Amino acid sequence: MSLKKRGSDSLQFKTHDIEELTPAMVGKEIACCGWIEDMRKLGKMTFLTVRDVTGIAQVIVKEEAQKYLEELPRQSVIRIKGKVQETKAKDFSFEINAQSIELLAKAVHPLPIDPIGRLESNIDNRLNARALDLRNQKTAAIFKIRHHVLASIRKTLGEKKFIEITTPKIIGSASEGGANLFSLEYFGKQAYLAQSPQLYKEQMTIGLERVFEISTFYRAEKSHTVRHLSEFTSVDIEAAFMDYTDVMNVLESLIVNVYNDTANNCKKEQEELEIEIKPPSAPFERITYAQALELLKKHDIKLNFGDDLQDAHLRVLGKELAGFYFIVDWPLKLKPFYIHEKDDEPDLSKSFDLQFGYLELSSGGTRLHSPEKIKSRLKEQGLDPSKFADHLRAFEWGMPPHAGWGLGLDRLMSVITKIDNIREVVLYPRDSERLSP
RNA sequence: GCCCUUGUAGUAUAGUCCGGUCUAGAAUUCGGCCCUGUCACGGCUGAGACGCGAGUUCAAAUCCCGCCAAGGGCGCCA
C-alpha cells in the first residue's frame, strides 16, 4: 500500500483523506485516520462512523478485526486499514471493511460536552472544552467559514493594491483617549496593549500608500454584551489619495466579495449551520447622520444635532434599514481627533459607520493630514499634542491625503453566520469574565 | 459600575410557582450481557446529580438570606 501522495508531500499515516474515497474505489486497500464519531455494535459486527476534517465514512468491523474494538471509546483517534466495499447504508455510498484498527489516541470518558452536538451543550461548557467543541460540525463550520472570509478579504485588498502590514500591539503611550487600554509592565516601563493600529497605519501611507492589517486588538472595557470582547480581530485599511467615499467603496466591494466567496466555497458549512449566505447588493444604502435623526424623529425619538446614536436608537434604525447600510457625515465632535471636517460644513465630518441592522461593523473616514489641524483638534478634545510627538513628526515628512476604516471581523462573522453571540465565532473569546482557556 | 435571569448525574433536561407523592423521573453518555446490515440500531442490566454556606420548618431540590458560577441587558466602547 503506497502512502498518501499530495503533490510532493507524502503522509506516513494514511493513503487518503476521507473525502477522497469514492465508490469507484471498491476493492482497493486504503488507510485513513480519524475520530470515532459513532459506534453501533451488532453482535458479531460493528459499524463505526469515522470523521476527519474532510468528511465522514462508515467502517464495518467483523470477524477477526473485532479484536481491535476493545477499549475503543468514541472520539478516540484511530487509523484504519481496510478495503473499500459496497454498502447497504442509507447515508453512505461505500464503506470501509476494516482489516486492522490502530488506536492512536484514546478519548478518556466522560467527555465534558457532547462533541457531536446531539445534546447541545451550553456555551460555557463548550468554551471550556473548545478543542473538543470543534469536533461538533456546526462549530467547525464557523471556523472554516472564517478561514474563507479571511482569504477573501486578503484577495480583495491585494487586488486593490493594498499591502498587508503588522503593527505593534505593545505600545508605550495610552494618550490616544477613548477606550480604556490594558496596561502591562514592560521591562520596568509602563506599556499598553493597542486598541487599534490607527496611528501606525496612517504613517504607513507615506511609504506604502495603501496598507491593511488583520490583527487582534484590545479594549479594557467591562462590556457585558453579545457583541463586545476584550480581544477582538480588526481588519484595518488606510489608503493614500483616497477620501471617505473611496474607502467606503472598497469596504462595500470587500463585503460583497466575502459574501460571494463564502456562499460559493462554503456549501457544506452553510448546510451544517442551516443558513444561506446571500450576497448583498451594492451599493449599500447611505443615509446621513441628519437623516438618521429625522428617521428617529418619526419614531418619537428626539435627538439634538451632536447627540450620539445610542444602542437603543440604532436598534430602531436597524429595523427601518434592514441589512447593510452606511451612516455618513457625522458631527465632527462625535469623531476622533484625526477625522477630517467637511469642507463646506465644518461641523460635520468626512466619516461613516457601516451598520448591519443595529450592529456597527465598521467606522472610517477621511483623515486629517495637516499636522497643524491635528494639533488643534487634539487640544479641542483635551489631549496633549506633545504626547503625540512621534506620530506628528511623520506628518512633517510628506503625509499624503488619506482615508481608511476599521472593520470588526468577529462582528462580521456573526452577521454572516447569523449567530448573535460573538463568543460563538471566536475560538477562545476573552471578555471581562473569561481569561481561560 | 447598575439591573434581570439561571444553577439538578459527564451532557442536556423533568420536578421548584403551590415544601411531604422525590427512595429525584425520562433521554443520552459510560460499564456488563445478548444480537451478522446498523444507520439517533434494538433488548436486558448496572453506575451516576439537587453549586457552596447559613436559616425557616415536624419536613427543603422546592421558601428566605449570603457567597460562588454562568447567561443576558444597560452603561462604557477615540
Side-chain angles (χ1 to χ4, degrees), chain A residues 37-49 56-63 65-66 70-75 85-92 95 97 107-129 132-133 136 174-181 194-196 198-199 217-230 232 234 308-312 314-315 330 332-339 349 351 353 358-360 363-365 367 374 377-378 380-383 388 406 408 411 420-424 431-434:
Chain A
E37 182 157 302
D38 209 352
M39 186 175 342
R40 290 182 282 275
K41 295 192 175 183
L42 278 80
K44 289 181 181 147
M45 66 191 228
T46 297
F47 294 96
L48 305 177
T49 52
I56 188 166
Q58 172 162 285
V59 177
I60 183 167
V61 187
K62 48 189 181 181
E63 292 157 10
Q66 298 209 98
E70 287 167 30
E71 292 290 297
L72 214 57
R74 283 170 170 82
Q75 293 305 330
Q85 68 177 30
E86 290 174 354
T87 187
K88 295 170 188 166
K90 286 175 194 159
D91 298 332
F92 298 95
E95 67 196 12
N97 191 338
V108 179
H109 288 247
L111 297 172
I113 56 176
D114 172 19
I116 63 174
R118 280 182 188 156
L119 297 172
E120 193 168 325
S121 301
N122 67 51
I123 180 108
D124 189 43
N125 284 333
R126 290 198 292 115
L127 291 177
N128 285 336
L132 182 60
D133 188 36
N136 182 326
S175 55
E176 288 179 41
N180 291 312
L181 304 192
Q195 60 166 323
S196 150
Q198 185 63 35
L199 306 186
F217 291 95
Y218 302 87
R219 178 178 45 205
E221 300 288 346
K222 286 196 172 179
S223 301
H224 200 186
T225 77
V226 291
R227 59 192 178 280
H228 288 98
L229 292 175
S230 310
F232 63 100
S234 180
D308 206 353
L309 300 184
Q310 302 290 332
D311 198 65
L314 292 172
R315 283 178 193 271
W330 290 75
L332 186 64
K333 71 166 197 176
L334 288 180
K335 288 293 169 182
F337 68 86
Y338 48 78
I339 288 287
S349 62
S351 63
D353 281 7
Y358 85 98
L359 191 63
E360 179 192 330
S363 67
R367 322 301 193 185
I374 295 178
R377 284 296 306 288
L378 281 168
E380 272 172 41
Q381 300 204 349
L383 296 167
F388 291 81
R411 287 188 177 183
D420 288 336
N421 192 335
I422 200 161
R423 277 163 263 217
E424 297 270 4
D431 60 33
S432 56
E433 310 291 337
R434 180 177 285 277

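Residue numbering restarts at 1 for every chain, and letters A, B, ... go by the order of the sequence lines. Predicted model, so just to flag it, every value in this text is computed and none were measured.
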Rounded to whole Å, please give me the gap between [atom1] in [X] and [atom2] in [N].
{"X": "Asp431(A)", "N": "rG72(B)", "atom1": "CG", "atom2": "P", "value": "9 Å"}
{"X": "Lys335(A)", "N": "rC77(B)", "atom1": "NZ", "atom2": "C1'", "value": "12 Å"}
{"X": "Met39(A)", "N": "rU29(B)", "atom1": "CE", "atom2": "P", "value": "11 Å"}
{"X": "Asn128(A)", "N": "rA12(B)", "atom1": "CG", "atom2": "P", "value": "11 Å"}
{"X": "Asn421(A)", "N": "rA70(B)", "atom1": "CG", "atom2": "P", "value": "14 Å"}
{"X": "Lys41(A)", "N": "rG32(B)", "atom1": "NZ", "atom2": "C1'", "value": "11 Å"}
{"X": "Glu120(A)", "N": "rU28(B)", "atom1": "CD", "atom2": "C1'", "value": "15 Å"}
{"X": "Tyr218(A)", "N": "rC77(B)", "atom1": "OH", "atom2": "C1'", "value": "17 Å"}

[N] and [M]: how far apart are their [atom1] atoms, nearest whole angstrom?
{"N": "rA61(B)", "M": "rC17(B)", "atom1": "C1'", "answer": "14 Å"}
{"N": "rU62(B)", "M": "rG20(B)", "atom1": "P", "answer": "11 Å"}
{"N": "rA54(B)", "M": "rG48(B)", "atom1": "C1'", "answer": "28 Å"}
{"N": "rU16(B)", "M": "rU11(B)", "atom1": "P", "answer": "23 Å"}
{"N": "rC18(B)", "M": "rC64(B)", "atom1": "P", "answer": "10 Å"}
{"N": "rC58(B)", "M": "rA14(B)", "atom1": "C1'", "answer": "28 Å"}
{"N": "rG53(B)", "M": "rG15(B)", "atom1": "C1'", "answer": "24 Å"}
{"N": "rC2(B)", "M": "rG19(B)", "atom1": "C1'", "answer": "34 Å"}

Quick one: does any side-chain atom of [X] pair with a main-chain N or O of [Y] as donor and acceptor, under 3.5 Å?
{"X": "Asp133(A)", "Y": "Ala129(A)", "answer": "no"}
{"X": "Asn97(A)", "Y": "Gln85(A)", "answer": "no"}
{"X": "Thr49(A)", "Y": "Asp38(A)", "answer": "yes"}

Are side-chain heavy atoms of [X] and [Y] found at a separation under 4.5 Å?
{"X": "Phe92(A)", "Y": "Ile56(A)", "answer": "yes"}
{"X": "Asn180(A)", "Y": "Lys222(A)", "answer": "no"}
{"X": "Lys62(A)", "Y": "Lys44(A)", "answer": "no"}
{"X": "Glu380(A)", "Y": "Lys333(A)", "answer": "no"}

NA contact type, [X], heavy-atom cut-off 4.0 Å: base, sugar-phosphate, or nothing?
{"X": "Phe92(A)", "result": "nothing"}
{"X": "Ile339(A)", "result": "nothing"}
{"X": "Leu42(A)", "result": "base"}
{"X": "Thr87(A)", "result": "base"}
{"X": "Gln85(A)", "result": "base"}
{"X": "Asn180(A)", "result": "nothing"}
{"X": "Glu95(A)", "result": "base"}
{"X": "Arg377(A)", "result": "nothing"}

Nearest-neighbour nucleotide for the [X] side chain, [options] considered:
{"X": "Arg423(A)", "options": "rG72(B), rA27(B), rG75(B)", "result": "rG72(B)"}
{"X": "Gln58(A)", "options": "rA70(B), rG72(B), rU38(B)", "result": "rU38(B)"}
{"X": "Asp311(A)", "options": "rG75(B), rG71(B), rU38(B)", "result": "rG75(B)"}
{"X": "Asn122(A)", "options": "rG37(B), rA12(B), rC30(B)", "result": "rA12(B)"}
{"X": "His109(A)", "options": "rC30(B), rA70(B), rA12(B)", "result": "rC30(B)"}
{"X": "Asp114(A)", "options": "rC76(B), rU11(B), rU36(B)", "result": "rU11(B)"}
{"X": "His224(A)", "options": "rA70(B), rU11(B), rC74(B)", "result": "rC74(B)"}
{"X": "Arg118(A)", "options": "rA40(B), rG72(B), rU11(B)", "result": "rA40(B)"}
{"X": "Arg74(A)", "options": "rC30(B), rU38(B), rA40(B)", "result": "rC30(B)"}
{"X": "Glu221(A)", "options": "rG73(B), rA78(B), rC77(B)", "result": "rC77(B)"}

Shorter than 3.5 Å, N or O on both sides, protein versus nucleotides 43-50 of chain B: list them out with atom names.
none

query = Can Glu360(A) and Arg227(A) be counted as an ion pair, charged N to O under 4.0 angstrom?
reply = no
query = Is the shortest side-chain N to carboxylate O distance from Asp353(A) to Lys335(A) below 4.0 Å?
reply =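 Counted as a salt bridge, because a side-chain N and a carboxylate O are separated by less than 4.0 Å.
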Applying the Watson-Crick and G-U wobble criteria at under 3.5 Å, what pairs with [N]? Answer none if nothing qualifies.
{"N": "rC68(B)", "answer": "rG7(B)"}
{"N": "rG46(B)", "answer": "rC30(B)"}
{"N": "rC74(B)", "answer": "rG1(B)"}
{"N": "rG19(B)", "answer": "none"}
{"N": "rC63(B)", "answer": "rG55(B)"}
{"N": "rU13(B)", "answer": "rG25(B)"}

Whether the side chain of [X] and the base of [N] hold a donor-acceptor pair under 3.5 Å is what I'd like checked.
{"X": "Thr225(A)", "N": "rG72(B)", "answer": "no"}
{"X": "Glu433(A)", "N": "rG71(B)", "answer": "no"}
{"X": "Ser223(A)", "N": "rC76(B)", "answer": "yes"}

task = Using the closest heavy atom to pick a nucleotide of RNA chain B for each, name whichever of Asp91(A) or Tyr338(A) lands nearer the 5' end.
result = Asp91(A)
request  = Starting from the 5' end of RNA chain B, give me the residue, Glu86(A) or Leu111(A), whose nearest nucleotide shows up first.
outcome  = Leu111(A)
Is there a side-chain polar atom (N or O) of [X] under 4.0 Å from OP1 or OP2 of [N]?
{"X": "Gln381(A)", "N": "rA78(B)", "value": "no"}
{"X": "Arg227(A)", "N": "rC74(B)", "value": "yes"}
{"X": "Lys62(A)", "N": "rU36(B)", "value": "no"}

query = Relative to the ring of Phe337(A), is the ring of Phe388(A) parallel (under 30°), tilted (30 to 60°) or perpendicular (over 60°)?
reply =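 Plane angle over 60°, so perpendicular.
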key: Over 12 non-hydrogen atoms of neighbours within 6.0 angstrom of CD in Glu86(A)   = no
inquiry  = So for atom CD, which belongs to Glu120(A), do other residues, nucleotides or ligands contribute more than 12 heavy atoms lying within a distance under 6.0 Å?
reply    =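 No, because the 6.0 Å sphere around CD of Glu120(A) holds 12 heavy atoms or fewer from other groups.
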